[in-house]
Amino acid sequence: MTKDAFRLISPSGKETELPVRSGTTGPDVIDVGKLYREQGVFTYDPGFVSTGSCESDITYIDGETGILMYRGYPVEQLAEHSNFLEVSYLLLHGELPTAAELERFDHTIRTHTMLNEGMLNFFKGFRYDAHPMAMLSAVVGSMSAYYHDTLDASDPAHRDIFAHRILAKLPTIAAAAYKLNIGQPFMYPRNDLDYTENFLQMLFSVPAEPYEIDPVAAEAIDLLFILHADHEQNCSTSTVRMAGSSGANPYSAIAAGISALWGPAHGGANEAVLTMLAEIGDKSQISKYVAKAKDRDDPFRLMGFGHRVYKNFDPRATIIREMCHKVLKQLGRDDSPLFELALELEEMALKDEYFIEKKLYPNVDFYSGIIYRALGIPTSMFTVMFALGRSVGWTAHWREMISDPTGRIARPRQLYQGPAQRDYVAIDKR
Ligand code: SDX
């Protein structure tokens, strides 16, 4: 919806009217599409702090009040009442499924979890200690070499098949990477198990003995997948949209998103939080590390703290913190010292003027690693866990972007600060 406009008057007095558009909720936007044509200038916003890159119906976040909604449903309600497969259907299709729709969707995902057998050869080529995110990105990128029969992005059926393959096969690829890291045989998926139970058995079962699914672990992972499923135009989702905007095949776009997520400033933070907590060691060291985080000359940051959008509590961190208590208790794990250290660090940081003034709160990555570790998942797999949840969000955004009839290739401009034009100098004159 368009309402009034911003009137821009250039230094030379040339006027341009920039329309203002409103969404369902949240900040209005100024449509600057005609700015360059009429005024010969670009907008400038490194990091896109004040820039909307697209319209979307999928997820809404309000950083001031700590709101996160998937297709209008508050994440707190989905966390309490739903499950990851139902949330995946919601993100992909825009509505909660009927019982029949969910049953069909569940059956489709369950029966597409196997990989093309040839893909398993990749894992024979990786070093045993290859980082699982490197393997996930590589093998997902290779999917376009196997599934090139359904890459017509203009065909809704192909878009559905792509979505089902990503959702169904990523846990299998992730588990295969983990098994390579620990020198155990790859475990095939089982169609008699639900999504997270199947993932757990691919991770932790061995051919030598029966494996019993721990319902606490399955429930915790399902909830963590829900909380990581989507998050508006974050770095990795924007990467998927940008890569997909050129018409690149969707598997390559998702592989690009996996690589972007790996950075410690983004999804790699959950792994970095555990490394940081281990480095801090015990409560007596907390004030030293908080001081390091505040020192502008020290590159150290409190991992798991701060957020580009949330200037209040990340609602996901609140839910995960509560989950920590329950999961650690139910699993009888001895990770409570680690959890106690995290709680103490959070309490000290939240009282500190620096964190208050800069509105730095714990984000989704601050506590999630403590639960993953309590479930027996190694630190190197934490960002893979994030990617498994976020894979459906990336897929939903790719589908939305590729289905937009007004969509164009994403191609930002720049402020050039290089040398003015100059002539070539022969090598003997330099
Ligand atoms: C995720 O975008 C998303 O939605 C991401 C995500 C998702 O679901 O997709 O929510 C997932 O990526 C969560 C964030 C995980 N990253 C971390 O926990 C890494 C630690 N946090 C930061 O590096 C930082 O807070 C970011 C990257 C999260 C946000 O960076 P911004 O918005 O670019 O903010 P900034 O770096 O400009 O920081 C603003 C100020 C700076 O100080 P000044 O230059 O103004 O003096 O706050 C300081 C920063 O130095 N600051 C921190 C800090 N985070 C910001 N100081 C100490 N410790 C920190 N963690």
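Small disclaimer: the values here were computed from a predicted structure and weren't measured. Numbering of ligands and ligand atoms starts at 1, following listing order.
- Among all non-hydrogen protein atoms, the one lying nearest atom 9 (O) of ligand 1 is Arg390 NH1, 2.8 Å.
- Comparing Arg308, His231, Met303 against atom 29 (C) of ligand 1, the shortest heavy-atom distance belongs to Arg308.
- Under the 4.0 angstrom criterion, atom 49 (C) of ligand 1 counts as having a protein heavy-atom contact.
- Residue contact annotation: Tyr354 has a non-hydrogen atom under 4.0 Å from ligand 1.
- The ligand atoms of ligand 1 that sit less than 4.0 angstrom from a heavy atom of Ala293 are 56 (N), 57 (C).
- For the pair Arg301 and Lys294, the minimum side-chain heavy-atom distance is 4.5 Å or more.
- Put simply, the side chain of Leu92 reaches to within 4.5 Å of the side chain of Arg399, judged on heavy atoms.
- Using cut-offs of 30° and 60° on the angle between ring planes, the pair Phe339 and Tyr367 is perpendicular.
- When atom types are taken as modelled, the side chain of Lys169 and the backbone of His112 share a donor-acceptor pair closer than 3.5 angstrom.
- For the pair Glu232 and ligand 1, no heavy-atom separation below 4.0 Å is found.
- A salt bridge is defined here as a Lys NZ or Arg NE, NH1 or NH2 lying under 4.0 Å from an Asp or Glu carboxylate O, and Arg21 with Glu55 meets this definition.
- Between Gly47 and ligand 1 there is no heavy-atom distance shorter than 4.0 Å.
- Close contacts of ligand 1 with Gly306, meaning ligand atoms under 4.0 Å from a residue heavy atom, involve 25 (O), 28 (C).
- Contact between Pro264 and ligand 1 is present, with at least one heavy atom of the residue lying under 4.0 Å from the ligand.
- At a threshold of 4.0 Å, the pair Arg110-Asp106 counts as salt-bridged, since one of the basic side-chain nitrogens sits closer than that to a carboxylate oxygen.
- Backbone and side-chain nitrogen or oxygen atoms of Val364 are examined, and none is located within less than 3.5 angstrom of a nitrogen or oxygen of ligand 1.
- Under a 4.0 Å N-O distance rule, the pair Glu347/Lys351 qualifies as a salt bridge.
- By the criterion of a heavy-atom distance under 4.0 Å, neither the backbone nor the side chain of Lys294 is placed next to ligand 1.
- Atom 20 (C) of ligand 1 lies below 4.0 Å from at least one non-hydrogen atom of the protein.
- Atom 37 (O) of ligand 1 lies below 4.0 Å from none of the non-hydrogen atoms of the protein.
- When the options Arg301, Gln233, Lys311 are ranked by their closest heavy atom to atom 35 (P) of ligand 1, first place goes to Arg301.
- Between the side chain of Asn363 and the backbone N or O of His307 there is no donor-acceptor pair closer than 3.5 Å.
- Within ligand 1, the atoms closer than 4.0 Å to a non-hydrogen atom of Ala269 are 15 (C), 16 (N), 17 (C), 18 (O), numbered from 1 in the order shown.
- Of the protein's non-hydrogen atoms, Asp365 OD2, 3.5 Å is the one closest to atom 13 (C) of ligand 1.
- Shortest contact from atom 12 (O) of ligand 1 to any protein heavy atom: His266 ND1, 2.9 Å.
- In the candidate list His307, Arg296, Glu357, His307 is nearest to atom 3 (C) of ligand 1, counting heavy atoms.
- Contacts between Lys358 and ligand 1, counted as non-hydrogen atom pairs separated by less than 4.0 Å, involve the side chain only.
- Here the side chains of Glu101 and Phe105 are not in contact, with every heavy-atom distance at 4.5 Å or above.
- For atom 14 (C) of ligand 1, the closest non-hydrogen atom on the protein side is Asn363 ND2, 3.5 Å.
- Using 4.0 Å as the threshold, Ala265 has a heavy atom nearer than that to some atom of ligand 1.
- Here the side chain of Asp62 pairs no donor or acceptor atom with the backbone of Gly66 at under 3.5 angstrom.
- Counting heavy atoms closer than 4.0 Å to ligand 1, residue Leu360 contributes side-chain atoms (C-beta onward) but none from N, CA, C or O.
- Inter-residue side-chain proximity for Gln233 and His397 is flagged as met; some heavy-atom pair is nearer than 4.5 Å.
- Residue contact annotation: His228 has no non-hydrogen atom under 4.0 Å from ligand 1.
- Residue Gly304 has at least one N or O atom closer than 3.5 Å to an N or O atom of ligand 1.
- Heavy-atom separations between Leu302 and ligand 1 include at least one value shorter than 4.0 Å.
- Checked against the 6.0 Å centroid threshold, Tyr310 and Tyr361 do not count as a close aromatic pair.
- Using a 4.5 Å heavy-atom threshold, the side chains of Met135 and Arg127 count as separate.
- The side-chain heavy atoms of Val392 and Phe84, taken from C-beta on, include a pair separated by under 4.5 Å.
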